[in-house]
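Structure first, commentary second.
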Amino acid sequence: MQLQFAMDVSTLDEALALCRQVAEHVDIIEIGSPLIKNEGVTAIRAITASYPDKTIFADMRTVDAGALEADMAFGAGADLVSVMGGADDDTVRGAVAAARRRGKGVVADMTDVRGCVLRARELAGLGVEFCEFHAGGDEQALCRYSVRAVIEAGRQSEAPFSVAGGVDLDSILDVRASGAVVAVVGAAIRRAPDPRAAAGAFRVAIDTASVFGDVTPVRQGRPHGIPCGPGPGQGRARRLADRARNA
Ligand SMILES: O=C(CO)[C@H](O)[C@H](O)COP(=O)(O)O
């Protein structure tokens with residue numbers, strides 16, 4: 001499973017400062033949609049130039065003009081672009097065609113997609129690389145939000161998927177155990193007192209699980225209506241990281 005770092009910041013300076021701290025630990029650098037909206041494809045160009053060995057994900061969130069918008073991002077150096085999973089099939093096809101012309105890929109963002117499990121299968125048939133099962137920031141603020149429900153929807157889709165939206169050290173092993181191809185982590189790294197150390201902890205947890213095997217995944221999310229609080233898997237990733245250090 002790859003680790004994607006999501007940079008939902010507004011300036012290129014902030015993004016580059018974060019990259020300097022965390023790039024060594026992550027596989028995919030996500031240029032968040034707020035950054036693209038503020039700085040344009042210049043941000044994609046600058047980060048691609050600075051990190052040519054990383055996979056660059058441009059979170060374009062395209063809902064129309066799939067080929068045109070994907071081409072803009074690919075032309076600036078992106079390797080992956082996002083298209084909204086609820087967009088028209090022709091929009092998705094346009095982006096996928098643009099990706100294929102350049103040997104790159106499209107990711108479908110499943111935020112607010114009704115019937116997301118079935119739609120993910122359709123999107124896989126349209127040629128996206130994987131579907132990002134995603135609880136956006138507003139959804140995360142609701143007490144009915146559960147990252148484990150997001151993980152479970154991805155798993156049920158049986159399509160290649162990533163998980164985004166509140167992934168932290170308490171849930172990263174559940175993401176991995178679900179068979180996700182990518183774990184997307186934003187705030188848990190970006191807002192950490194030491195982003196470099198936080199990214200390193202995710203790296204260790206993912207790599208250690210590969211060596212020692214996953215612990216039993218937790219399948220129950222927080223029941224709807226129960227006040228927000230720590231999930232049932234709290235501490236498992238940290239224990240695995242400790243185990244790796246002591247091995
Ligand atoms: O696309 C996003 C917000 O809309 C974020 O990139 C994604 O949700 C991951 O960030 P976080 O881990 O902070 O939730």
Side-chain angles (χ1 to χ4, degrees), residues 1-12 14-15 18-19 21-23 25-39 43-44 47 54-63 69 73 78-87 106-113 116 128 130-151 153-154 161-176 178 180-193 195 198-203 205-206 221-222 228 230-231 233 237:
M1 182 177 78
Q2 294 203 310
L3 177 60
Q4 176 172 327
F5 172 52
M7 294 193 294
D8 290 307
V9 295
S10 48
T11 69
L12 181 56
E14 287 173 88
L18 279 166
C19 283
Q21 296 179 73
V22 310
H25 297 301
V26 308
D27 304 293
I28 303 174
I29 297 175
E30 174 186 329
I31 303 168
S33 28
L35 180 56
I36 296 172
K37 285 175 182 170
N38 196 40
E39 300 269 11
I44 303 172
I47 292 170
K54 297 290 173 187
T55 299
I56 304 296
F57 178 112
D59 198 11
M60 297 289 280
R61 297 191 172 179
T62 293
V63 289
E69 291 200 5
D79 302 295
L80 294 168
V81 301
S82 63
V83 172
M84 296 312 292
V106 173
V107 177
D109 184 324
M110 305 306 283
T111 306
D112 285 333
V113 174
C116 57
V128 306
F130 55 90
C131 293
E132 180 176 300
F133 281 76
H134 186 185
D138 293 342
E139 187 179 340
Q140 290 177 46
L142 303 174
C143 274
R144 65 178 166 78
Y145 153 78
S146 156
V147 71
R148 287 174 179 83
V150 179
I151 294 168
F161 69 99
S162 63
V163 175
V167 175
D168 59 15
L169 276 175
D170 298 331
S171 53
I172 188 70
L173 295 181
D174 290 332
V175 177
R176 189 185 180 284
S178 71
V181 294
V182 173
V184 183
V185 182
I189 293 175
R190 199 179 67 249
R191 294 196 187 133
F202 279 96
R203 180 84 269 157
I206 292 168
R222 186 174 51 242
C228 301

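Whatever order the structure lists them in is the order used to number ligands and atoms, beginning at 1.
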Under a heavy-atom criterion of less than 4.0 Å, does [X] contact ligand 1?
X     : answer
Met7  : no
Glu30 : yes
Gly32 : no

Open item on the list: How about CG on Asn38, more than 12 heavy atoms from neighbouring residues, nucleotides or ligands closer than 6.0 Å, or not?
Closed with: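 More than 12 heavy atoms, drawn from other residues, nucleotides or ligands, come within 6.0 Å of this atom.
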Open item on the list: Is there a polar contact between ligand 1 and Glu132, counting only N or O atoms under 3.5 Å apart?
Closed with: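 There is no such contact.
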Open item on the list: For ligand 1 and Gly166, I'd like to know whether there is a polar contact (N/O to N/O, distance under 3.5 Å).
Closed with: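 In this structure, Gly166 places an N or O atom under 3.5 Å from an N or O of ligand 1.
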Are the side chain of [X] and the backbone N or O of [Y] linked by a donor-acceptor pair below 3.5 Å?
X      : Y      : value
Glu139 : Tyr145 : no
Glu14  : Val9   : no
Ser82  : Arg61  : yes
Asp79  : Ile56  : yes

With atoms numbered from 1 as shown, which atoms in ligand 1 lie under 4.0 angstrom from a non-hydrogen atom of [X]?
X     : value
Asp59 : 1 (O)
Ala6  : 6 (O)
Arg61 : 1 (O), 2 (C), 3 (C), 4 (O)

Can you report which non-hydrogen protein atom sits closest to [atom], along with the distance?
atom                    : answer
atom 13 (O) of ligand 1 : Ala187 N, 2.8 Å
atom 12 (O) of ligand 1 : Gly186 N, 2.9 Å
atom 5 (C) of ligand 1  : Asp8 OD2, 2.9 Å
atom 7 (C) of ligand 1  : His134 NE2, 3.4 Å

Task: Heavy-atom side-chain proximity of Phe57 to Glu132 below 4.5 angstrom - done: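 Of all side-chain heavy-atom pairs linking Glu132 with Phe57, at least one is under 4.5 Å.
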Open item on the list: A side-chain contact here means heavy atoms from C-beta on lying under 4.5 Å apart; do Val107 and Val128 qualify?
Closed with: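 Of all side-chain heavy-atom pairs linking Val128 with Val107, none is under 4.5 Å.
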Open item on the list: If the threshold is 4.0 Å, N to carboxylate O, is there a salt bridge linking Asp27 and Arg203?
Closed with: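 Judged by the 4.0 Å cut-off on N to carboxylate O distance, Asp27 and Arg203 do form a salt bridge.
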